[in-house]
Amino acid sequence: MMRSLTYGLRAWRSKPLAVTLVLGTVAALPARAETVHILALGDSLTQGYGLAQGEGFVPQMQAWLAERGHDVQLVNGGVSGDTTAGGLSRVEWSLTPEIEGMIVALGGNDLLRGLPPETARANLDGILEVAEAQEIEVLMVGMSAPGNYGADYKAGFDAIYPELAEQYDTLYFPDFFRGLVPEGGTPQDAAGMMQGDGIHPNADGVALIVDAMGPSVEELISQVHSGD
């Protein structure tokens, strides 16, 4: 009887240490990562113009990232017909409190309208200023001007994206259409991947764009995590 009582007291006295060890172990475990929220700020290419639900850039990129184990929520900030000026006018209120990263894919409509490269540069600069002030990680997606506006226009427009990416120290993906028209290729190479208007990719074309850009979006997610 005395032996049992003594054993019981020893067991009771050891409990605080055991509890402390268990709590210490729990505290040492890494916290479960929370969902990363990323805004895709763009135009009809981002919005998914002409495509069925689930076939556009945002849902396909979301699925691509999920397949690779990323807990991420892409917010579709694409507005058909939007220029860089439109993106600048709405970027502040589009960056809601949960947004931690942003894909900037604007400039296609500036090109279609032949707007001056310096105007597009100023608008994109303003967008990146807002992102920097709010400590938002950015992936800048470039656009390549066609040659019909002349060599000077093309050189001036094409230079906007890499130069601003360097200035603001953002990630940079050279061309939204890189997956459709590899470097050195021609628009004809992408003929079967475009909708009838010849401007917007079809669902298969979007899949190629996502495959090409996906690793850069993964880098964006990594930067968000490293900044936590």
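Residue indices begin at 1 and follow the sequence shown.
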Can you name the nearest heavy-atom pair linking [X] to [Y], along with the distance?
{"X": "Val138", "Y": "Ala131", "result": "CG2-CB, 3.6 Å"}
{"X": "Val58", "Y": "Thr46", "result": "CG2-O, 3.8 Å"}
{"X": "Gly126", "Y": "Leu88", "result": "C-CD1, 3.5 Å"}

Practice prompt. Please name the residue in the list Val210, Leu45, Leu74 that meets the side-chain contact (heavy atoms from CB on, under 4.5 Å) test with Phe57.
Written response: Val210

Discussion item. Please identify which of these residues, Met213, Arg68, Gln223, meets the side-chain contact (heavy atoms from CB on, under 4.5 Å) condition with Glu218.
Written reply: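 With Glu218 as partner, side-chain contact (heavy atoms from CB on, under 4.5 Å) holds for just one option, Arg68.
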
Residues forming a salt bridge (charged side-chain N to carboxylate O under 4.0 Å, His left out) with [X], sequence neighbours excluded:
{"X": "Asp43", "answer": "none"}
{"X": "Glu92", "answer": "none"}
{"X": "Asp175", "answer": "none"}

Please say whether more than 12 non-hydrogen atoms of neighbouring residues, nucleotides or ligands are located less than 6.0 Å from [atom1] in [X].
{"X": "Asn148", "atom1": "CG", "result": "yes"}
{"X": "Glu166", "atom1": "CD", "result": "no"}
{"X": "Gln53", "atom1": "CD", "result": "no"}

Judged by atom type as modelled, is there a donor-acceptor pair below 3.5 Å linking the side chain of [X] to the main-chain atoms of [Y]?
{"X": "Gln60", "Y": "Glu55", "answer": "yes"}
{"X": "Arg90", "Y": "Gly77", "answer": "yes"}
{"X": "Asp158", "Y": "Ala145", "answer": "yes"}

Worksheet item: For the atom pair CD (Glu34) and NE2 (His225), what is the distance rounded to the nearest 0.5 Å?
Response: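 One gets 10.0 Å once the value is rounded to the nearest 0.5 Å.
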
Discussion item. For Tyr161 and Phe173, I'd like to know if the aromatic rings sit close, meaning centre-to-centre distance below 6.0 Å.
Written reply: no

Response to the item:
With sequence neighbours left out, the residues meeting ring pair (Phe, Tyr, Trp, His ring centres under 6.0 Å) with Tyr49 are His200

Worksheet entry | Those residues that, when tested against Thr170, pass side chain to side chain donor-acceptor pair (under 3.5 Å) (two or more places apart) | none

Item to complete: Sequence neighbours left out, what passes side chain to side chain donor-acceptor pair (under 3.5 Å) with Tyr172? Give chain and number order.
Response: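 Partners of Tyr172 under the side chain to side chain donor-acceptor pair (under 3.5 Å) test: none.
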
